[in-house]
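I have placed the structure first, in the form of structure tokens, so that the comments after it can refer back to it.
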Protein chains: 2
Amino acid sequence: MSDDIRLNNQLCFPLYALSRQITGFYRPLLEQLGVTYPQYLVMMVLWEMESTSVKQLGQMLWLDSGTLTPLLKRMEASGLIARERSLEDERSVIVSITDKGRLLEREAEKIPTHIKCRLKMSDYEIITLRDHLKKILETTLESE
Amino acid sequence: MSDDIRLNNQLCFPLYALSRQITGFYRPLLEQLGVTYPQYLVMMVLWEMESTSVKQLGQMLWLDSGTLTPLLKRMEASGLIARERSLEDERSVIVSITDKGRLLEREAEKIPTHIKCRLKMSDYEIITLRDHLKKILETTLESE
DNA sequence: CCAATTTTAATTGTGCACAATTATTTTACA
DNA sequence: TGTAAAATAATTGTGCACAATTAAAATTGG
């Protein structure tokens, strides 16, 4: 019998565990800002882009409307974003940042440093691993 | 303003995305066995150990009783495991594999090969990355 | 021995993920 | 132009994750 079936020999398990572990590092920091990790991802997009569509957001974060719609409604309720149907295409919903959302960027500034500190990895190691993971993502996406 | 706040410069995002991507590769394969990915993790433990406690399971998978209790109840309902209070320590719940659970191992045998195929990575690359992630997990755990 | 503390699961409540379906709008094209 | 097909969100339903609380059993210290 192959050892491939053993928990400790799998790639996916440490990936899954580390992903949860690191989002756990974010949690207390993000809690102070009143957002969750997936909501923080949306904010990062909007801090760069000011506004985007649900579809684009889904493509960037690889999340579907089943996840995004309720998440964005919660963010709208907390005043960080606005949602409105596009005038050019009524199927599309435009998500845009509010003043409150823009202000949050200042408060979030120190988060990356805090996380880096928890990771106990050199900048080089972080960048190398990040780019490796991104490369695997791109490669596996092609085959879908 | 630091670029650390940009989505594409973060380590956690590709980690989070790749973890979901790969569990997505497992989904159709595991669906045929009637289990989810977290349930498959439990089965992998039981294929090795035959029986264990909820506490031990939680330590191995880094999941708490809030996640495990309902998950194990669903697995009990589908006949893969049994749950019973320990006689020595009534606080503890023993989770053990059933005949049906043991039979599932045969059906799961080809899964690792399928996943490897989807990953498009060499054995060396998989092992190296897996061990790297495990090392980061251990290191970050120490600091909790 | 007994009360205080600790350990272990279960429960409760919130928020993702994601498959499948539905509803609406837009596009293509005969 | 009018209708079939495609695109876009929303909805519905299931199953994790995880914090916080509760309940019961075991351990410890006096």
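Every heavy atom of this structure was used, including side-chain atoms; hydrogens, water molecules and symmetry mates were not. Letters A, B, ... mirror the listed sequences (proteins, then strands); counts begin at 1.
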>> Any non-hydrogen side-chain atom of V42(A) less than 4.5 Å from a side-chain atom of M75(A)?
In response: yes
> Looking for any heavy atom pair under 4.0 Å, which part of the strands does S65(A) touch: base, sugar-phosphate only, or nothing?
Replying inline: base
> Touch check for D64(B), heavy atoms < 4.0 angstrom, all strands: base, sugar-phosphate only, or nothing?
Replying inline: base
> Among all residues two or more places apart in sequence or in another chain, which pass the ring pair (Phe, Tyr, Trp, His ring centres under 6.0 Å) test with Y26(A)?
Replying inline: Y37(A), Y40(A)
>> Angle between the two end axes of the helix from dC1(C)-dG30(D) to dA30(C)-dT1(D), five base pairs per end, rounded to 10 degrees?
In response: 10°
> K100(A): what forms a side chain to side chain donor-acceptor pair (under 3.5 Å) with it, not counting sequence neighbours?
Replying inline: none
> How about W47(A) and L104(A): do any of their side-chain heavy atoms sit closer than 4.5 Å?
Replying inline: yes
> Any donor-acceptor pair under 3.5 Å between the side chain of T69(A) and the base of dA9(D)?
Replying inline: no
>> Considering every strand and a 4.0 Å limit on heavy-atom distances, what is the contact class for E31(A): base, sugar-phosphate, or nothing?
In response: nothing
> With a 4.0 Å cut-off on heavy atoms, is T67(B) in touch with a base, just the backbone sugar-phosphate, or nothing at all?
Replying inline: base
> Considering heavy-atom distances to DNA chain C, does G66(A) or R91(B) have its closest nucleotide positioned more toward the 5' end?
Replying inline: R91(B)
> How do R85(B) and L87(A) order along DNA chain C: which one's closest nucleotide is nearer the 5' end?
Replying inline: R85(B)
>> Test of understanding: with salt bridge (charged side-chain N to carboxylate O under 4.0 Å, His left out), list the residues that count as partners of D131(B), not counting sequence neighbours.
In response: none
>> Classify Q59(B) by what it touches in the nucleic acid, base, sugar-phosphate, or nothing, heavy-atom distance under 4.0 Å.
In response: nothing
> Are V95(B) and L46(B) close enough that some pair of their side-chain heavy atoms sits under 4.5 Å apart?
Replying inline: yes
>> With nearest nucleotide decided by heavy atoms, which residue, Q56(A) or R20(A), maps closer to the 5′ end of DNA chain D?
In response: Q56(A)
> In terms of the nearest nucleotide of DNA chain D, which residue is placed more toward the 5' end: E90(B) or T23(A)?
Replying inline: T23(A)
> Regarding R27(A) and the six-membered ring of F25(A), is the cationic atom NZ or CZ under 6.0 Å from the ring centre and inside 45° of its axis?
Replying inline: no
> In whole Å, what is the span from the CG atom of L57(A) to the C1' atom of dA10(D)?
Replying inline: 15 Å
>> Between E107(A) and Q32(A), is there a side-chain heavy-atom distance shorter than 4.5 Å?
In response: no
> First and last nucleotide of DNA chain C in contact with chain B, 5' to 3', at under 4.0 Å to a heavy atom: what are they?
Replying inline: dT7(C) to dA19(C)
>> Just to verify, what does E50(B) make a salt bridge (charged side-chain N to carboxylate O under 4.0 Å, His left out) with, not counting sequence neighbours?
In response: R102(B)
